[in-house]
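Below you'll find the structure, written out as structure tokens, and then a few comments.
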Amino acid sequence: MSGRPALRLGILISGRGTNMAAIARQCREGRIGAQVAIVISERPEAAGLTTAREHGIPTRAIAWPGPGRTGEFETAAQAALAEAGAELIVLAGFMRILSSAFVLAHAGAILNIHPSLLPKYPGLHTHRRVLAAGERTHGATVHFVTPELDGGPPVLQSRIAVRPADTEETLSARVQATEHIIYPRVIGWCAEGRLAWRDALPWLDGQPLAQPLLEDFDA
Ligand code: GAR
């Protein structure tokens, strides 16, 4: 690993937090030059918060306010992230929509993982929609977050083949297994200074990334 200080991550989750756990494991094992500084959820009962605590990672539950009051969550989250010294915000199964103001305030410093080959299938129920459409391939995308929902520039995608016997559950499990590989990889690139955000585009190794990188898994 380089002599750089570990990149401090603030991870936002809503549920199981298996991506968060995969990222935390790679940090712990020194495979990526990052450190999970805090895990935040808007759901106090999120299983991922328990997992994070079991690994000694500081956590915060911040209730999601009523409609039109997103700012209350964001102000509290921003304070917690700043206090933890988070440099990169990692959305890992965070199922709420952040305001444009929040996203723009952290431009180039928020990553998300989405369970589809964006720009195909933004939004919810991606596995179900992929099966209904008879797609032959599916996957996941790590992308920078911009105010357009699931619309920010993609960096790395995993692709798998859709099998005739696949169900929503099997597809989800196989896509998630690839997420646990590609998300830590992209965070590692950020930690090494290889991936940066300039002129509203991701740059990898000094080159603008006009197309996402694509990795085939069991395709
Ligand atoms: C992941 O599959 C992620 O791609 C998806 O939620 C799951 C969270 O799993 N994210 C979205 O759908 C965001 N729109 P995890 O909590 O076990 O990491």
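Computed from heavy atoms alone, side chains included, the values below leave out hydrogens, waters and symmetry copies. Please read all numbers here as calculations on a predicted model, not as lab measurements. In each ligand, atom 1 is the first atom listed, and ligand 1 is the first ligand listed.
The protein heavy atom nearest to atom 13 (C) of ligand 1 is Met95 SD, 3.8 Å. Among protein heavy atoms, atom 12 (O) of ligand 1 sits closest to Pro115 CD, 3.4 Å.
By heavy-atom distance, the residue among Arg96, His180, His114, Glu179 lying nearest atom 3 (C) of ligand 1 is Glu179. Scanning Ile113, Thr141, Thr18, Leu124 for the heavy atom closest to atom 15 (P) of ligand 1 points to Thr18.
Side-chain atoms of Ile40 and Ile38, non-hydrogen and from C-beta on, do get closer than 4.5 Å to each other. With a 4.5 Å cut-off on side-chain heavy atoms, Glu179 and Ser158 do not count as touching.
None of His127, Arg128, His125 except one satisfies the side chain to side chain donor-acceptor pair (under 3.5 Å) rule with Glu168; the exception is Arg128.
No more than 12 heavy-atom neighbours from other residues, nucleotides or ligands sit within 6.0 angstrom of CD1 on Ile97.
For Gly17, a nitrogen or oxygen atom sits less than 3.5 Å from a nitrogen or oxygen atom of ligand 1, counting backbone and side chain alike. The N/O atoms of Gln176, backbone and side chain alike, include one that comes under 3.5 Å of an N/O atom in ligand 1. Note: no N/O pair closer than 3.5 Å links Asp150 and ligand 1 by distance alone.
Close approach of ligand 1 to Gly93 is summarised as follows: ligand atoms under 4.0 Å from at least one heavy atom of the residue are 6 (O), 8 (C), 10 (N).
If you take CD on Gln176 and CZ on Arg174, they are separated by 13.0 Å, rounding to the nearest 0.5 Å.
Between His180 and Thr18, the side chains place a donor N or O and an acceptor N or O closer than 3.5 Å (distance only, hydrogens not considered).
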